[in-house]
Amino acid sequence: MDKAPRRVFINDIDTFTSKCIVKCLSKHTLEADGSAEKESGTSKSSDTGSQSYKVVGTISDVSEEIINYVLEAYIRPSRENILQKLMECDIIIYNITQHPEQVEEARWAVTALHDEKHNFQKQKTFILISTVMTWACSEPINSDELELPFTDDDFRRRKPHPNFQKHLELEKMVAKIGKMDRALFSTYVVVSGLQYGAGEQIFHLFFKMSWLGQENEIPVFGEGNNIVPTIHVSDLASVIKKTIEHQPKPYYLVAVDYSNNTMEDIVKSIACALGLGKIQRKPFEEAFLKQDLSVMDIDFLHVNLSMEGVYLKELFSVHWLCEFGLVENIELVVEEYRQTRGLLPIRMCVLGPPAVGKSSVSQQICNHYKLHHIKLNETISETISHLEFTVKNTPSDAENEESTSVIEAQELLNIVKDNMEQNGEFVLYLDASDSFLKDRVINLSEKLVQEHKYEHEHFLQILAKYRDKNMEEESVVSYFEELDINPLLIEITSLNTPDNQLLMHTICERVGKPRNYSQYNQNAQEEGSKPIETVEKAKREQKEIEEARQRSAHWEMWTKTLDEKRQWEMQQLEVLSMPMKTYLLEHIITTLSQGLIACGSAWPEDPIDFLAEYLIKNNP
């Protein structure tokens with residue numbers, strides 16, 4: 001028999017974590033509705049039957065994406081209206097992992113429900129999604145000099161980060177209320193690791209910097225050896241769903257994956273997957289200078305905890321997406337990041353005869369679409385340098401595998417050099433008449449002619465060679481046509497500014513809008529969204545001002561701390577040096593000063609001998 005849909009309330013359904021939980025429960029609802037159409041006994045979900053959910057919640061503004069997943073969305077409701085909606089729900093989920101103000105609202109909600117429990121028509125469940133930051137200052141558990149991970153059973157030992165004291169107090173309140181009459185009003189605290197996936201939030205800065213490639217090295221703030229407990233946001237959503245379905249006896253659950261990655265491990269894996277793979281340790285304080293990191297994010301990134309969710313393994317059969325963490329599943333997470341944020345850069349190959357203007361047009365395309373400009377000559381030079389290094393620096397008596405790699409490197413090096421001598425290796429395209437190309441080369445500066453090797457005779461040879469090659473059936477253009485990729489053929493008649501603009505317009509019409517981080521893309525998204533009310537805009541501006549004030553306060557605190565530390569060190573040095581100063585003043589300085597004065601008056605040929613004799617003679 002199908003179970004009646006359960007009504008679920010979730011706060012801030014348009015935020016990172018809540019949105020993923022909404023989608024998870026909605027997906028489950030669709031699966032349950034689909035299974036209801038099948039014959040009895042065909043469903044594999046024997047423990048839950050055909051349970052479905054009606055999800056409602058609060059939202060900051062209208063969002064077409066999230067509204068498609070929920071039954072009702074309440075925009076900035078009063079507390080009186082929220083309480084009425086909470087009373088209509090079977091499950092109430094409050095997420096306090098993203099904004100400090102969520103704590104106060106969750107405190108009010110659980111208290112108000114507790115006060116109204118005599119009016120409940122049936123049992124209600126309250127689930128608080130908290131954060132591992134309530135454990136951040138806990139004393140480690142040692143057993144025979146081995147540091148053990150914290151588990152769910154250790155929750156009474158937890159000590160919070162100073163900025164998360166209110167989170168801890170709320171956890172205790174929720175747990176206490178749930179013990180009073182669990183048959184009527186049960187409560188759970190689910191403590192989440194740092195969440196990743198679904199486009200990223202806390203780790204977004206490192207993904208973005210690696211993706212853009214504007215900096216060669218991605219920063220690791222601090223030493224980077226702190227162990228960071230994490231969980232994919234979809235796995236957290238699965239844990240919440242399992243908690244709703246199973247209503248386990250333990251009321252305090254640790255939701256972390258089974259990784260044990262350090263901050264350096266995480267940043268390194270992101271940098272390798274999306275960028276050059278280079279990282280650089282930077283002072284902890286520099287994190288406050290990054291606009292993409294809130295003060296709360298910075299606290300998260302410096303947590304150092306080894307944790308294990310024992311109850312997840314014992315009580316639930318969670319279908320993990322990333323059971324062993326971000327580093328282990330970096331390819332999946334990166335692909336999810338690209339798809340979620342629409343970061344799907346265009347791959348473009350610009351072909352054409354020599355001197356047609358491929359380089360300048362390619363650079364314009366890269367600037368517009370925020371693409372990396374892969375220049376053939378530079379790529380070939382780097383490849384040759386790498387191969388030559390491999391050949392030169394591998395000992396002749398190395399192992400068989402290394403010897404094989406050297407032979408392969410030498411063969412590839414020979415092939416590359418032969419191709420360079422025979423073909424020039426031009427791999428770009430546009431088209432223009434020979435007369436236009438000749439006139440353009442004549443008008444080039446001497447520097448560009450030398451740089452591109454466009455001397456008169458040589459240019460005519462490579463142009464003729466290019467024309468002959470492209471008359472053959474196995475040309476580069478025919479290769480793309482065989483792959484059902486129809487090249488955009490553009491005749492270049494001028495490289496003046498108006499014609500360049502027309503050329504870029506033609507390319508943009510064919511390729512479409514940029515799909516990368518760019519002001520153009522951001523403006524396009526804003527144009528497609530609904531206008532935001534003045535009140536909401538003012539709230540955001542106020543929040544930004546408050547965030548800036550907090551950054552400034554933290555920076556001043558660190559500066560003050562460093563100044564105080566330096567002052568203390570100077571005082572210590574002064575204290576330690578006092579006996580030496582006294583000794584020198586009493587026994588050396590006076591006599592030495594007199595000797596130097598005498599030396600300055602006498603101007604002896606050997607001042608050192610003079611000073612030595614003076615000190616011996618006048619030794620007190």
Side-chain angles (χ1 to χ4, degrees), residues 3-12 18 21 25 47-49 51-58 72 74 77-97 102-131 134 151-158 160 165-192 236 239-255 309-312 314-316:
K3 296 181 180 179
R6 305 179 76 180
R7 194 176 179 93
V8 181
F9 175 93
I10 305 176
N11 71 313
D12 298 338
S18 299
I21 297 171
L25 295 179
D47 59 336
T48 63
Q51 179 67 66
S52 59
Y53 303 96
K54 293 180 177 180
V55 181
V56 301
T58 56
E72 296 175 5
Y74 316 122
S78 65
R79 285 192 170 179
E80 182 180 348
N81 289 337
I82 292 180
L83 181 57
Q84 181 184 347
K85 303 301 182 183
L86 295 179
M87 292 294 288
E88 296 171 357
C89 295
D90 305 298
I91 311 293
I92 296 93
I93 301 172
Y94 260 87
N95 165 36
I96 61 169
T97 65
Q102 291 174 329
V103 177
E104 184 56 37
E105 185 182 333
R107 181 190 302 277
W108 166 83
V110 72
T111 304
L113 285 168
H114 174 66
D115 293 342
E116 291 287 333
K117 69 178 181 179
H118 58 280
N119 293 323
F120 289 0
Q121 300 298 317
K122 55 183 177 179
Q123 185 199 36
K124 294 186 185 298
T125 301
F126 186 97
I127 300 175
L128 180 73
I129 306 176
S130 189
T131 166
T134 58
T151 68
D152 314 61
D153 289 328
D154 300 315
F155 72 93
R156 291 182 180 85
R157 304 168 53 112
R158 70 194 189 280
Q165 182 64 42
K166 291 184 178 179
H167 290 69
L168 176 63
E169 292 169 1
L170 180 57
E171 286 183 11
K172 292 180 178 180
M173 174 187 283
V174 170
K176 183 179 179 180
I177 287 176
K179 293 177 183 177
M180 295 179 182
D181 192 351
R182 198 163 188 183
L184 190 60
F185 188 37
S186 61
T187 62
Y188 292 92
V189 176
V190 177
V191 175
S192 167
L236 175 61
V239 171
I240 299 300
K241 184 166 74 70
K242 290 291 184 181
T243 304
I244 294 172
E245 293 169 354
H246 293 279
Q247 297 277 303
K249 186 176 179 180
Y251 59 85
Y252 195 94
L253 305 172
V254 171
V310 174
Y311 289 156
L312 264 61
E314 293 180 352
L315 302 176
F316 304 149

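As the structure is a computational prediction, the values presented were derived from the model and not from experiment.
P250 and L253 get closest at one heavy-atom pair: O-CD2, 4.2 Å. Taking each heavy atom of L86 and A109 in turn, the nearest pair found is CD1-CB, 4.0 Å. Heavy atoms only, all atoms of each residue included: D90 and P5 are closest at OD2-O, 4.5 Å. Between I21 and I129, the shortest heavy-atom contact is CD1-CD1, 3.3 Å. Minimum heavy-atom separation, Q247 to S186: OE1-OG, 3.5 Å. When all heavy atoms are compared, the tightest approach of R79 to W108 is O-CH2, 3.2 Å.
A 4.5 Å side-chain heavy-atom check between Y188 and T125 finds at least one atom pair inside the cut-off. For the pair D12/N95, no side-chain contact is recorded, criterion being any heavy-atom separation below 4.5 Å from C-beta on. Looking at Y94 and V110, their side chains never come closer than 4.5 Å, going by heavy atoms from C-beta outward. Side-chain contact between D153 and V310 is absent, with no heavy-atom pair separated by less than 4.5 Å. Residues V190 and L236 meet the side-chain proximity criterion, which asks for heavy atoms closer than 4.5 Å. I244 places a side-chain heavy atom less than 4.5 Å from the side chain of I93. No side-chain heavy atom of I91 sits less than 4.5 Å from a side-chain heavy atom of Y53. With contacts defined as side-chain heavy-atom distances shorter than 4.5 Å, the pair K85/V56 does not qualify.
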Name every donor-acceptor pair, under 3.5 Å, that has one atom in a side chain of residues 165-175 and the other anywhere in the protein, sequence neighbours excluded.
residue	atom	partner	partner atom	Å
H167	NE2	I96	O	3.2
E171	OE1	R158	NE	3.0
E171	OE1	R158	NH2	3.2
E171	OE1	Y252	OH	3.0
E171	OE2	S130	OG	2.6
E171	OE2	T134	OG1	2.9

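Annotation: cation-pi geometry not satisfied between R182 and F126 (NZ/CZ under 6.0 angstrom from ring centroid, within 45° of ring axis).
The backbone N or O of M87 sits less than 3.5 Å from a side-chain atom of K124, completing a donor-acceptor pair.
Taking the six-membered ring where the residue is Trp, F120 and F185 present perpendicular rings, their angle passing 60° and hence far from 30°.
Partners of K176 by side chain to side chain contact (heavy atoms under 4.5 Å, CB included), not counting sequence neighbours, listed by chain and number: M180. Contacts of D115 classified as side chain to side chain contact (heavy atoms under 4.5 Å, CB included), with partners at least two apart in sequence or in another chain: T111.
Atom CG of L312 sits about 10.5 Å away from atom NZ of K242, to the nearest 0.5 Å. Here the straight-line distance linking atom CZ of F9 with atom OH of Y74 works out to 7.5 Å at 0.5 Å rounding. Atoms CG and CG, from L113 and N119 in turn, are 11.0 Å apart once rounded to the nearest 0.5 Å. Separation of atoms CD1 (I10) and OG1 (T58) is listed at 9.5 Å; rounding is to 0.5 Å.
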**OP:** With salt bridge (Lys or Arg N to Asp or Glu O under 4.0 Å) as the test, would you mind laying out the steps for R6 and E245 before giving the verdict?
**Re:** CA-CA 10 Å; R6 305 179 76 180; E245 293 169 354; over 6 Å; no

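Look at E88 and K54 and you find no salt bridge, because none of the NZ, NE, NH1 or NH2 atoms lies under 4.0 Å from a carboxylate O.
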